[in-house]
Amino acid sequence: MIEEHGSGRPSTPLSAARRIVVKVGSALLVDAGTGRLNRAWLKTLIADLLRLRRRGQQVILVSSGAVALGRRQLGLAAGTLRLEESQAAAAVGQIRLAHAYKELLEATGVTVAQVLLTLEDSEQRTRYLNARATLEALLRLQALPVINENDTVATAELRYGDNDRLAARVAQMASADCLVLLSDVDGLYTSDPNRHPDARFIERVLRITPEIEAMAGRPSSTVGSGGMATKIAAARIAVNAGCHMCIASGHHRHPIRRIERVARCTWFIPAATPLAARKQWIAGTLRPAGAMHIDAGALRALRSGKSLLPAGVTATLGRFESGDTVSVLSADGAEVARGISAYSDSDAARIIGRQSSEIEAVLGFRGREELIHRDDLVILHLGYDAQGRASPASQFDRDGMEEPADGPGLSGFSLKVQP
Ligand code: GLU
């Protein structure tokens, strides 16, 4: 995976990535002795992020540190906090954290955007899609999103609790192709290197096997709440979403630049691209919520890689919300594609057969031009047997994937992932 380029410098998935999520843990951001923000170090991290942006890469930062900063300010004693204490600490710490990011980033001319997420934002489809659209808009507008869990309102049962998994969900949500977890360890070892001097370092993980999970052991860091176990859980989410993930030490200045230059770290390698992983997930929806009939012109357009526009849809079937997966049916009723509808069934019914330019006048709001965007659409190639059932001989075209992503597998479908 590490290839030499003309410059003689190794090329890593980080250099090749289009969209990168960097997660920084509390243990790096907040000095354990004083409870203050490590500003000098943070400046070097920010310089690294800006360097990525200058190279044309998009960056999202997931930052911990709210609870650690707030507890000092509130004078809370060392040790485990009660839930309401950590929520109070987060409320106090988050505003300080946001202030620091605003100050440091705006001094360099970059607009910072604070996004606080709860577990429901990644688990409920409409909220997930909203958050996804917001991140997309922020990146398009060149802002740098700084994300944390909304600890102040998260409940004990409904929280990520650690920013490793939060960062992986963010990477998935944003279809990022690289996630970097900056941590107090430099990667994964066969066992805890502090207790086992013969522990071997793992540079590259192609499959997260039970052996890999066993290497993670139990959480150990004292300031943050994650440990190797949550990092492996994060890796599972990331690679299933087609995203590379790296665990690297942040205990140095310019921690991101170091990954590309010298530092050793552990890379988790996905089997697919984010787009292919997402399409596989869409195709694997067991029960599409509804359906749309399309005309022959729209079918040709879909097969040539275009989005589904309202003009090509002749009827909608069933009840669905925007964000639900629907079947796309040809004039003779065969399922030819699946995709995520940008509109609910009732809104869709009002705009089908019309030009996209009419959507705003009909619905009274400016929605997407496409009923199903090409990135949210999967073309299915079905072979039928005599009874009209999907032929078992049909194959799932893995498109370079080694194993299916999250979600049910496909049987009877051959999936063509459009570039
Ligand atoms: N969200 C927590 C905070 O900002 C940190 C969670 C973690 O340590 O991973 O303090």
Side-chain angles (χ1 to χ4, degrees), residues 21-32 34-39 41-42 45 60-102 112-122 131 145-171 173 179-185 216 218-238 245 247-251 255:
V21 177
V22 174
K23 178 256 168 177
V24 43
S26 307
L28 298 171
L29 267 173
V30 183
D31 186 282
T34 63
R36 287 178 193 277
L37 197 65
N38 285 330
R39 261 177 187 268
W41 176 85
L42 185 54
L45 170 69
I60 296 173
L61 182 64
V62 174
S63 174
S64 309
V67 175
L69 282 176
R71 67 184 296 158
R72 168 185 174 268
Q73 185 69 22
L74 289 173
L76 292 164
T80 312
L81 297 177
R82 289 202 303 271
L83 180 62
E84 66 274 18
E85 286 174 335
S86 71
Q87 294 188 310
V92 170
Q94 184 61 36
I95 197 165
R96 301 189 149 247
L97 202 53
H99 185 77
Y101 281 116
K102 178 178 177 295
V112 57
Q114 173 179 266
V115 181
L116 298 178
L117 295 174
T118 57
L119 189 66
E120 290 107 311
D121 295 320
S122 66
V146 177
I147 301 181
N148 197 357
E149 182 163 12
N150 194 347
D151 293 304
T152 301
V153 296
T155 60
E157 307 78 42
L158 278 181
R159 56 172 27 220
Y160 298 96
D162 65 86
N163 278 7
D164 296 326
R165 283 175 303 167
L166 169 66
R169 285 283 182 221
V170 167
M173 201 180 258
L179 166 64
V180 178
L181 301 183
L182 288 179
S183 164
D184 49 0
V185 289
R218 302 207 52 76
S220 60
S221 168
T222 48
V223 184
S225 47
M228 197 46 78
T230 66
K231 290 177 178 50
I232 301 294
R236 193 177 276 288
I237 298 169
M245 192 189 102
I247 302 172
S249 167
H251 274 313

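The first residue of the sequence shown is numbered 1, and numbering continues consecutively from there. Excluded from the calculations below are hydrogen atoms, water molecules and symmetry mates; all remaining heavy atoms, backbone and side chain alike, are included. First listed ligand is number 1; within each ligand, the first listed atom is number 1.
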What do you reckon, does Ala90 put a non-hydrogen atom under 4.0 Å from ligand 1? no
Do other residues, nucleotides or ligands put more than 12 heavy atoms under 6.0 Å from Arg96 CZ? no
Please identify which atoms of ligand 1 are closer than 4.0 Å to at least one heavy atom of Asn163. 1 (N), 6 (C), 7 (C), 9 (O)
Under 4.0 Å from a heavy atom of Asp151: give me the atoms of ligand 1 that qualify, with their elements. 1 (N), 2 (C), 3 (C), 4 (O)
Among Asn150, Asp164, Asn148, which one puts a heavy atom closest to atom 4 (O) of ligand 1? Asn148
Partner of Leu76 under side-chain contact (heavy atoms from CB on, under 4.5 Å), picked from Val67, Leu81, Val92, is Leu81
Any N/O pair Val67/ligand 1 closer than 3.5 Å: yes
Test Asp31 against Arg36 for salt bridge (Lys or Arg N to Asp or Glu O under 4.0 Å), laying out the working first. CA-CA 5 Å; Asp31 186 282; Arg36 287 178 193 277; over 6 Å; no
Would you check if the side chain of Glu149 reaches a backbone N or O of Thr118 as a donor-acceptor pair within less than 3.5 Å? no
Report yes or no: does Trp41 contribute a side-chain atom to a donor-acceptor pair with the main-chain N or O of Pro255 at less than 3.5 Å? no
Go through ligand 1 atom by atom and flag the ones less than 4.0 Å from a non-hydrogen atom of Ser64. 4 (O), 5 (C), 7 (C), 9 (O)
